[in-house]
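Note: hydrogens, waters and symmetry copies are ignored here, and every other heavy atom, side chains too, is used. Everything numeric here is computed off the predicted structure, so don't read it as measured data.
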Amino acid sequence: MAAQRRCLHSLIRHSTAARFSLTSTQSVVGPLKEEEMDKVFQPYQPIFAVVQIGSHQFKVSNGDYIFAEKLKFCDVNDKLILNKVLLLGSENQTIIGRPIVPEAAVHAVVEEHALDAKVIIFKKKRRKNYRRKNGHRQELTKLRITDIQGISKPENKVDRKPTKSVFKKPIPDCKIRGKKKFAIKKREKDAAKKPEKVAAEKLEKVAAPA
């Protein structure tokens, strides 16, 4: 029994190490240089992929950020190629892998290594005076998706807005409101009056005491 337990523990240890080690599904291209920034980071494209990293699956598009379990074989600013692509999709077509899509790849860049929020593990056995409290913070790797290959990419459509005319249309009389409309009516009334009456009203205003 003891030998079987030791064998089982060794198998579990090797399987977990293999899951997070450098495998054929993940390969490091090299560190990202400043000269390659414009070539690597491309504008958004209406394409998505379902990629598997370790035991987790992620639906990603160009420019997305994802948090995977820590990849110990890569450093910050390294370029990765993820070959375990399960599905590819766009506006026109969908490619489903059996279980992996051949000649498909997702390119990513390692942004940082971080820790997840703390999780409390509390165990208790009643009437046994048994209590155990432990905390755990999962190690994570933040990846930025830069490109998806293996599917035809649609052309980026540019929405051209109609240009506004330079010449403004005359405002109709019905839209003139408030003080403007009142001022226009007053001018019309003053023009309709005889010039003699207008002159007499001006003289009255001047002669009136302040």
Query - Where at least one partner belongs to residues 73-83, residue pairs that pass salt bridge (charged side-chain N to carboxylate O under 4.0 Å, His left out), sequence neighbours excluded - result: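 Salt bridge (charged side-chain N to carboxylate O under 4.0 Å, His left out) check on residues 73-83 returns Glu36-Lys79.
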
Non-hydrogen side-chain atoms of [X] and [Y] separated by less than 4.5 Å:
X      : Y      : value
Ile145 : Ile66  : yes
Asn77  : Val110 : no
Gln57  : Leu86  : yes
Ile53  : Leu143 : yes
Leu87  : Val101 : no

Query raised in the report: Taking only residues two or more places apart in sequence or in another chain, which ones pass side chain to side chain contact (heavy atoms under 4.5 Å, CB included) with Gln93?
Result: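 Listed in chain order: Ser90, Ile95, Ile151, Ser152.
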
Query raised in the report: Among all residues two or more places apart in sequence or in another chain, which pass the side chain to side chain contact (heavy atoms under 4.5 Å, CB included) test with Arg126?
Result: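 If we apply the side chain to side chain contact (heavy atoms under 4.5 Å, CB included) test to Arg126, skipping adjacent residues, there are no hits.
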
Report task. Look up atom CD1 in Ile120 and atom NZ in Lys133, then write down how far apart they are to the nearest 0.5 Å. Result ->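 Answer for the CD1-NZ pair, Ile120 versus Lys133, is 5.5 Å.
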
Query raised in the report: In the hydrophobic clustering (ILVMFWY, side-chain contacts below 4.5 Å, transitive), which residues join Leu140, or is it alone?
Result: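 Under the 4.5 Å side-chain rule, Leu140 groups with Phe67.
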
Query - Pairs satisfying side chain to side chain donor-acceptor pair (under 3.5 Å), at least one member in residues 110-122, at least two apart - result: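 The answer is His113-Thr141.
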
Query raised in the report: Would Val76 end up clustered with Val109 when hydrophobic side chains under 4.5 Å apart are linked, directly or stepwise?
Result: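 Each belongs to a different hydrophobic cluster.
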
Query raised in the report: Cluster question for you: counting only ILVMFWY and a side-chain heavy-atom cut-off of under 4.5 Å, with indirect links fine, are Leu71 and Tyr65 together?
Result: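 Looking at the clustering, Tyr65 is in a separate group from Leu71.
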
Requested in this report: Would you please name every residue forming a side chain to side chain donor-acceptor pair (under 3.5 Å) with Lys153, sequence neighbours left out?
Outcome: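 Side chain to side chain donor-acceptor pair (under 3.5 Å) list for Lys153, sorted by chain: Asp147.
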
Query raised in the report: Between Ser61 and Ile148, which heavy-atom pair has the shortest distance, and what is it?
Result: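 Looking at all heavy atoms of both residues, the closest pair is CA-CD1, 4.0 Å.
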
